[in-house]
Amino acid sequence: MFRSIQTKIVAIFILVLLSIVTVLGAFLTTNIVRFYNREFSVMMKQVFSGSLVSEIEKRASSDGVSGIAGIVGSYIGPLGIDTYRFYSILDANTGNVLITSDETKSRSLEKSDNIIMAMTGKTGDIVNTEKRYMDYAVPISTNGALSYIVYIKDTKNEINSITRNVIFILLEALAFAIAIAVILGYFFSKTITKPIRNLTKNAERIAMGSFDKVDIIDSKDEIGILSNTFSYMSSTLHDTIEEVNSEKTKVETILQNMTDGILAFNLSGGLIHINSKAKDILNRKFYDDITFDNFFKEIGVNVSMGEFLYMKSSAPIERQTTVSGKVIHFTFATFSIENKIGGILVVMHDITSQQKLELSRREFVANVSHELRTPITAIKSYAETLIDTPQSDVVIRNRFLEVIVKEADRMARIIKDLLILSKLDEGQFELKPFEKIDLGLFIDGIVEKMFFSAKAKHQTLQYKKIDDVPYIISDADKLEQVILNIISNAVKYTPDGGIIEIYTGKGYKTVYIKVRDNGIGIPEENLPRIFERFYRVDKARSRETGGTGLGLAIAKQIMDQLGGSIKITSTYGKGTEVTVVIPA
């Protein structure tokens, strides 16, 4: 019924008028009644003031009730006695009517508060606007005793008649005012609702994408200003949408034609974008059901949304797995919206061909290692025999033969490391059943083993716990091999008197081990290749220290099998920090 603004405005007008008339009617009727009650009381007091009461009492003593009636009857005009008002002479003891000017109205006479008051000897002049009548009672004494009561009563019929006339006039005025209110409200509201309807139509056109049919309202009031502002907003919005669509088209074109697959996820884990290359790589029928955690768990990538929400570093995370027979390298990075993490961008790169080349190279190294092992063993055996054989120039022979044995041992270590790598590559390197490891005691044991190696170079080797570290479940032997290799490298490449510190702590569902030294460090350009096989930063120095160039490669492979990771940061000339991350 009141859905339109126009109807509501008209209704408001009518309600306002009704309220005004109601309040005015109540005010007028109340004040009329009060006025007549006040006038009646004043009139009675004026009449009965002075010597009239004394005169009535003298006549009452001589002539009784008839004398009282004679005197009161002479004051009919001042008392206002008429068809609505009458007087009665009452017995002061019983309150019964003795003489009255209106027999009919006196029959139903009730003992009002004023009559009761007069019966006690006091003038009954109480004004009560709530009653249906007005009255006034005067006590009359004869011979010192209360004998009669002069009682004046008004039925208020005249007042009621006047009140009804006032109300009728107000109702007529109300009806006339409502008619005017409806007419004025209609035309007044039309000046508001018509511009609003036009604005609504304009908004509907804009919602449907039509920006060129916006109506302009020629008005100088607030509605006109709103309309002009809306028109300007429409024009600006149209230009902005065109610009956004243009940029969106450019970005989509770039993403769709990239050689790498692109996936974008929001913070809820929902997929918000996927390009055609990603669809080719994934080879799925449906993409609507993809969520971050479930999807990467499904394809065997060890990553979760929590790592990005809780990690302090903004560096990308890299993972690798096989999808539909293809080896895919994943790079995970966060993107920001208004200086907050808005989601995760995933770049998928098909490295199947590179992996095949790498696999061929690894197979070649394994085959060569197997072929070299037999002659190396023979060389070592002959060298040991020569050392035990007495000769004339024993000192020189022994020195050369010791070198042969040393190099043979070194080559044996290379072959051993190559075999380990080969087994790791082929997945044939069997892990022992995982066991519960107290990391603190575990590191203490490793530090104890490396103590004398560090002491020989006057180095300080110390272990520090950052916080309480939980137990881990892993292969203790393989993990020890990794940590020993890292600490051994730190001892080798830290000058005499240097400091090597080991830290343990916990992160988000992980435990980390850090080995930090103040050694020679690694140049920044060499860091990306530090885990490659046979790669040495300083080949001459590596050979002097007995390094094979395979230790870190083995350590990385082992950590991959243990479900962890290894990371190296270094500043050349200042030192190196190696971080091993293990699932908690």
Side-chain angles (χ1 to χ4, degrees), residues 255-265 271 273-287 289-305 307-308 315-334 344-369 417-431 478 482 527-535 549-550 552-568 580-581 583:
L255 292 177
Q256 292 300 331
N257 291 281
M258 287 183 67
T259 57
D260 291 335
I262 301 294
L263 299 172
F265 296 86
L271 180 66
H273 181 80
I274 180 171
N275 68 350
S276 55
K277 183 62 178 179
K279 291 180 179 179
D280 293 340
I281 293 173
L282 296 176
N283 193 25
R284 288 172 61 100
K285 292 183 180 180
F286 304 102
Y287 299 93
D289 62 334
I290 288 180
T291 58
F292 189 90
D293 288 343
N294 291 337
F295 172 68
F296 288 105
K297 183 178 180 181
E298 173 189 325
I299 63 176
V301 178
N302 183 26
V303 68
S304 66
M305 181 70 72
E307 293 184 45
F308 298 93
I317 295 178
E318 297 183 355
R319 296 288 188 272
Q320 186 173 306
T321 191
T322 301
V323 180
S324 301
K326 302 174 184 177
V327 180
I328 308 300
H329 180 269
F330 294 88
T331 301
F332 300 85
T334 58
I344 301 171
L345 187 68
V346 185
V347 180
M348 305 166 58
H349 183 57
D350 188 351
I351 58 170
T352 305
S353 57
Q354 295 93 316
Q355 285 293 102
K356 288 180 179 179
L357 291 174
E358 179 68 13
L359 182 61
S360 298
R361 187 180 71 82
R362 291 173 182 175
E363 289 176 352
F364 170 77
V365 172
N367 291 333
V368 170
S369 299
D417 289 345
L418 284 171
L419 288 174
I420 291 173
L421 281 172
S422 177
K423 289 181 179 180
L424 287 169
D425 291 338
E426 297 296 329
Q428 297 176 358
F429 197 71
E430 295 183 1
L431 296 173
K478 299 300 182 294
V482 171
L527 284 174
R529 301 186 61 191
I530 200 68
F531 291 110
E532 291 183 12
R533 300 169 190 196
F534 292 107
Y535 184 78
L550 297 172
L552 288 177
I554 292 173
K556 188 177 186 305
Q557 288 281 65
I558 290 175
M559 288 311 302
D560 288 342
Q561 286 207 359
L562 294 178
S565 62
I566 183 171
K567 179 182 177 182
I568 295 180
V580 176
V581 180

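This chain uses plain numbering: 1 for the first residue, then up along the sequence. Values reported hereafter were calculated over all heavy atoms of this structure, with side chains retained and with hydrogens, waters and symmetry mates removed. Computed from a predicted structure; not experimentally measured.
Proximity of Met559 to Val580: side-chain heavy atoms (C-beta onward) are separated by under 4.5 Å at one or more points.
Asp293 pairs by the salt bridge (charged side-chain N to carboxylate O under 4.0 Å, His left out) definition with nothing, not counting sequence neighbours. For Lys279, the side chain to side chain contact (heavy atoms under 4.5 Å, CB included) criterion is met by Ile274, Tyr287, not counting sequence neighbours. With sequence neighbours excluded, no residue forms a side chain to side chain donor-acceptor pair (under 3.5 Å) with Asn283. For the side chain to side chain donor-acceptor pair (under 3.5 Å) test, no residue two or more places apart in sequence or in another chain qualifies with Thr321.
Applying the side chain to side chain donor-acceptor pair (under 3.5 Å) test to every pair with at least one member in residues 296-305, sequence neighbours left out, gives these pairs: Arg284-Glu298.
One distance of note links CG of Leu263 with CZ of Phe295; it measures 6.0 Å at 0.5 Å rounding. For the atom pair CD (Gln557) and NZ (Lys478), the distance works out to 13.5 Å, reported to the nearest 0.5 Å. If you take CZ on Phe296 and CZ on Arg319, they are separated by 11.0 Å, rounding to the nearest 0.5 Å.
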Donor-acceptor contacts under 3.5 Å from residues 325-333 side chains, at least two apart:
{"unit_1": "Lys326", "atom_1": "NZ", "unit_2": "Asp280", "atom_2": "O", "d": "3.4"}
{"unit_1": "His329", "atom_1": "NE2", "unit_2": "Glu318", "atom_2": "OE1", "d": "3.3"}

Stepwise, does the side-chain contact (heavy atoms from CB on, under 4.5 Å) test hold for Leu282 with Met348? CA-CA 10 Å; Leu282 296 176; Met348 305 166 58; 3.5 Å; yes
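Taking every heavy atom of both residues into account, Ala555 and Ile566 meet most closely at CB-CD1, 4.3 Å.
Checked by atom type and distance alone, the side chain of Asp260 never pairs as donor or acceptor with a backbone atom of Val347 at under 3.5 Å.
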